[in-house]
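Numbering of ligands and ligand atoms starts at 1, following listing order.
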Amino acid sequence: MKLKFYVAMVVCAAFSLQALAAGPEPIVIKFSHVVAPETAKGQAAAMFKKLAEQLTKGRVRVEVYPNSTLYKDSDEMAALQKGDVQMLAPSLAKFSGLGVKEFEVFDLPFIFPTKTALYRVTDGPIGKDLLKKLEPQGIVGLAYWDNGFKNMSANKALLAPADFKGLKLRIQGSEVIAAQMRALGATPKVMNLADTYAALKSGAVDGTENPSTNMLSQKMNQVQTHLTVSKHGYLGYAVIVNKKFWDGLPADIRASLTSALAESTDFEKSYAQLDNDRALQAIEKTGKTEVYVLSTDEQAQWRRAMQPVQQQMAGRIGQGLVDAINKTTAVQ
Ligand code: LMR
């Protein structure tokens, strides 16, 4: 009996020593997103993982789940609020689902004339104030990531606003994007990114919008004969974390994660345009999708057709915010 007791004690001590030698369990950050690993967002998420683990010397483990493998667009925000996932980088079009409708200002047609004008908004007081609006929802906004300007695609040429009449178009869940499609005479259908390829293939929808990198990596180009480089709208992201999780981290860990994110953000912003240029070339190279770049005059026609959206949606977004953005972007 005594011998059994001593053996048990020795085994227990051995396990405890082993646990001590291995150190405490790392803090796990599940980082879920809906795009492909090779996109700028996908690569920046992977870079964040590497840097976060290095800078915290293994005290943090980041698990990146790309391509909607953990959550789709429609359920990722609720999962973050519940703490089932700690980090996301949803497109700005998806924040109105949280009740923060102001983010839909980023979806207004032709609102940002250039990337420089956009950065004046995201890196300035407007961008910071918008992120602060997430806190009552239990979310901290840490950074903006970029994915550039969107194209339109369908199985017919889309040259003039009249070409959209009667088309069913897959969109993200933003009322501003819906209004924009209606202004073109099309019918918007809100759908998860992960379901878009199948819907385009089956004909459940006729067309869609996205920057080239998403069109290529989600295989949309394989089921769309025409793509128009229209730059009619902007696609960006906010990197967000569960507030309770973030506030509960030891200060030194939070500082290391902040550094890791700053470096990943610089990379993401510098790579987004290259990524989209590369993707557009790859789409053209397949020879299956005809790529058309709108002329300045044609773009002006699209702009006129979509112009009423700004007025229609000002009440939803806030006229003051729309005016502030127009003022900020107008500076030369
Ligand atoms: C979408 O169309 O849902 C995408 O913009 C998603 C993304 O994260 O880029």
Distance alone, cut at 3.5 Å: any donor-acceptor contact between the side chains of Gln301 and Asp297?
no

For a quick check under 3.5 Å, do Tyr234 and Asp146 share a side-chain donor-acceptor pair by atom type?
yes

Residue set satisfying salt bridge (Lys or Arg N to Asp or Glu O under 4.0 Å) with Arg278, at least two apart, ordered chain then number -> Asp275

Contacts of type salt bridge (Lys or Arg N to Asp or Glu O under 4.0 Å), residue Lys132, not counting sequence neighbours:
Glu135

Every residue of the protein that comes under 4.0 Å of ligand 1, judged on heavy atoms:
Val34, Val35, Lys41, Asp73, Lys94, Arg170, Gln172, Leu193, Asn210, Asn214, Leu235, Tyr237

In terms of heavy-atom contacts, does NZ of Lys189 have more than 12 from other residues, nucleotides or ligands at under 6.0 Å?
no

Among pairs that include at least one residue of residues 159-215, which meet ring-ring contact (aromatic ring centres under 6.0 Å, His included), considering only residues two or more places apart or in two chains?
Phe164-Trp302

